[in-house]
Number of protein chains: 2
Amino acid sequence: MDLVRDAMPSLTTSEKRAAQALVADYPLLGLETVARFADRAGVSAPSILRFIGRIGFASYADFQRRLMAEVEARLLSPLAKADAGSPSTRKRAPRTAFAEAAADNIAETFRRLPNGEFEAVATLLADPRRPVHLIGGRFTDALARYMTAHLRILRPNVSHLEGQRDNWHDQLLDMGNRDVLFLIDIRRYQDDLVAFAAEAARLKVTTIVLTDQWLSPAARSARHVLPARIAVPSAWDSSVALLALIEALVAEVTARRGAESRSRMAAIETIRRQGQPQSR
Amino acid sequence: MDLVRDAMPSLTTSEKRAAQALVADYPLLGLETVARFADRAGVSAPSILRFIGRIGFASYADFQRRLMAEVEARLLSPLAKADAGSPSTRKRAPRTAFAEAAADNIAETFRRLPNGEFEAVATLLADPRRPVHLIGGRFTDALARYMTAHLRILRPNVSHLEGQRDNWHDQLLDMGNRDVLFLIDIRRYQDDLVAFAAEAARLKVTTIVLTDQWLSPAARSARHVLPARIAVPSAWDSSVALLALIEALVAEVTARRGAESRSRMAAIETIRRQGQPQSR
DNA sequence: CCCCTTCTGTAATATCTGATCCGGCACAGC
DNA sequence: GCTGTGCCGGATCAGATATTACAGAAGGGG
């Protein structure tokens with residue numbers, strides 16, 4: 001955009017006409033084909049290409065890539081428009097920005113949940129006859145543990161796959177089409193998890209993949225995919241939305257199993273109290 | 001968008017995969033070429049076209065025109081993010097209520113952070129000369145693990161207290177006034193954690209307690225207390241705000257340690273690559 | 001366990017698109 | 001008025017793209 005504005009003076013007549021047309025309905029005109037762009041600007045296709053070349057792009061495709069990125073940025077943060085205009089909002093503490101992004105991620109994640117997927121996954125997890133196995137990546141495995149801890153209370157046949165890679169594969173041998181695999185894998189996807197998912201698919205295991213918006217390759221092997229937003233202003237990705245989804249699933253499963261899980265919870269509570277006398 | 005979500009149940013497996021990929025990265029993925037769309041969704045190009053056809057478009061070009069129009073509308077009115085009151089404004093799904101509550105919890109948690117506490121805690125965690133020990137409760141220990149995994153990358157001397165209660169106390173023996181204990185304890189507070197915090201306080205260990213808004217009794221033994229909101233419409237409490245705080249802390253520590261942590265991260269990455277040859 | 005239906009990817013095709021070339025045009029300087 | 005320079009657009013080409021046809025794979029029901 002600024003690129004276009006700055007180059008404006010040094011443009012020829014028809015190039016300027018192209019620039020004006022582009023600015024007039026920015027940025028979408030640039031995402032059309034060269035022919036339509038030329039038509040709407042009232043110039044020829046070669047002029048458009050010369051114009052694109054002059055403002056520094058190697059090809060029309062490059063130019064469109066750049067536009068796409070800009071559109072994406074604007075769509076993600078509708079407020080981004082303000083950042084040029086009001087330098088007063090600058091000082092906001094970084095952690096506030098973090099909190100906002102995290103809250104946004106949750107809202108966006110739930111808003112985009114494919115219809116029926118959530119329910120389908122909840123149904124699988126609520127069925128005690130279908131053994132559930134959970135596993136996560138380098139960081140997200142902690143979330144898998146968190147979920148395991150809750151599910152174990154709600155139903156039997158819940159296992160968290162621990163330890164070494166070889167160990168996982170040993171457990172795979174006993175899985176079949178009745179088993180459910182809940183796998184978490186986000187950006188900088190782990191090869192071993194992807195391979196594991198593929199192997200599980202081969203054995204007809206029903207796989208659920210909880211991943212980020214760009215989808216782990218493991219999603220290809222999955223029956224159900226739950227994509228979550230993970231981008232925050234930090235050097236790391238955020239698992240907040242993943243956790244929110246997990247908790248929503250646990251809540252749903254709890255609601256569905258109603259009485260059964262309640263009695264099971266009571267029983268577990270009793271055992272815990274007996275086995276673990278008050279400290280001190 | 002709604003078109004895609006509503007059609008979801010009646011789609012075949014690979015069509016659903018296409019739909020999921022589209023929704024996950026909406027709407028820009030749809031503006032790419034069929035080939036790239038197919039690649040990112042992990043299906044073949046014809047599957048994409050069948051999918052487009054099934055949701056009612058005559059051609060891929062038609063579909064893209066429609067997307068363009070939607071993008072334009074959203075770019076013009078930044079508020080369009082709150083989805084337009086579609087005629088089918090069915091009773092809000094409970095999971096939406098859950099998402100809103102979780103997002104609210106994060107916002108509220110950060111708003112109410114005592115001034116300076118966050119920074120003080122970050123300072124402690126960023127100091128590599130002060131050993132950090134992390135531990136959590138029945139469910140929240142998974143969060144402690146998550147935090148441990150990150151901190152270990154940023155600095156040395158990070159340990160997660162595992163295993164049995166007796167084991168913890170053994171580790172206590174080696175702690176002193178230079179050590180930092182990061183303890184997570186929320187509602188239905190655990191006696192053993194409270195006792196552990198008290199013991200640590202007696203040994204002059206600098207204790208940080210991450211807890212809920214009603215404060216664990218362990219907070220009495222703490223130098224720093226970080227309270228988070230945990231109430232959601234569910235039978236369980238939510239750890240989402242806890243995780244958000246943890247991630248914000250990790251981000252802050254990362255920022256403070258800057259270059260040092262970067263080189264450390266690089267070193268760790270190298271070791272990982274050597275010790276873990278590509279799978280297959 | 002096998003057959004039938006449905007689905008899905010490979011391969012071929014026809015169309016479209018971006019990019020280039022070159023002839024013509026306008027304008028400025030002489 | 002003439003010439004030379006820079007600009008523009010129609011025609012053209014190679015490559016990419018959407019689309020279709022088909023055959024093999026998968027899944028479900030008897």
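Note on naming: letters A, B, ... go to the chains in the order of the sequence lines (proteins, then strands), and numbering restarts at 1 for each one.
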For this session: Would you tell me if any nitrogen or oxygen in the side chain of B:Ser14 comes within less than 4.0 Å of OP1 or OP2 on C:dT8?
Result: yes

For this session: Let me know, please, whether B:Ser59 or A:Glu15 comes out on the 5' side of the other along DNA chain D by nearest nucleotide.
Result: A:Glu15

Exercise. Are OP1 or OP2 of C:dC7 and a side-chain N or O of B:Ser47 less than 4.0 angstrom apart?
Worked result: no

Problem set entry | Atom-to-atom span, CG of A:Asn177 to C1' of D:dA26 - whole angstrom | 14 Å

Exercise. Of the nucleotides C:dT20, D:dT19, C:dT8, which one has an atom closest to the side chain of B:Ala45?
Worked result: D:dT19

Exercise. Rounded to the Å, how far apart are A:Lys16 NZ and D:dC8 C1'?
Worked result: 16 Å

Problem set entry | Whole-Å distance separating the CD atom of B:Gln64 from the P atom of D:dA18 | 7 Å

Exercise. B:Tyr60 side chain: which of C:dA19, D:dA18, D:dC8 is closest?
Worked result: D:dA18

Exercise. Atom CZ of A:Arg50 and atom P of D:dG6: how far apart are they, to the nearest Å?
Worked result: 14 Å

Problem set entry | Selection from D:dT17, C:dG9, C:dT8 that lies nearest to any side-chain heavy atom of B:Thr33 | D:dT17

Seminar exercise, completed: Whole-Å distance, A:Phe51 CZ to C:dG18 P, equals 15 Å

Exercise. Quick one: is B:Thr12 getting a side-chain N or O under 4.0 Å of the C:dC7 phosphate, OP1 or OP2?
Worked result: no

For this session: Identify which one of A:Ile246, A:Asp185, A:Leu183 satisfies the side chain to side chain contact (heavy atoms under 4.5 Å, CB included) criterion when paired with A:Leu210.
Result: A:Ile246

Problem set entry | A:Arg74 bridged to A:Glu70 by N-O distance under 4.0 Å | no

Exercise. Roughly how many Å is it from CG in B:Asp62 to C1' in D:dT19, rounded to a whole number?
Worked result: 14 Å

Exercise. Within the distance-only criterion (no hydrogens, no angle test), does the side chain of A:Gln64 pair as donor or acceptor with the backbone N or O of A:Leu31 below 3.5 angstrom?
Worked result: yes

Seminar exercise, completed: By nearest-heavy-atom nucleotide on DNA chain D, the more 5' of B:Glu32 and A:Lys204 is B:Glu32

Exercise. With a 4.0 Å cut-off, would you call A:Asp212 and A:Arg187 a salt bridge?
Worked result: no

For this session: May I ask you to say what B:Ala35 touches in the nucleic acid, namely base, sugar-phosphate or nothing, with a heavy-atom cut-off under 4.0 Å?
Result: sugar-phosphate

Problem set entry | B:Leu49 CG to C:dA11 P, straight-line distance once rounded to whole Å | 17 Å

For this session: Would you kindly compare A:Arg36 and A:Pro46 by the position of their nearest DNA chain C nucleotide and give the one closer to the 5′ end?
Result: A:Arg36

Problem set entry | A:Leu125 vs A:Met147 side-chain heavy atoms within contact, under 4.5 Å | yes

For this session: Take the protein atom CZ of A:Arg65 and the nucleotide atom P of C:dG18, then report the distance between them rounded to whole Å.
Result: 13 Å

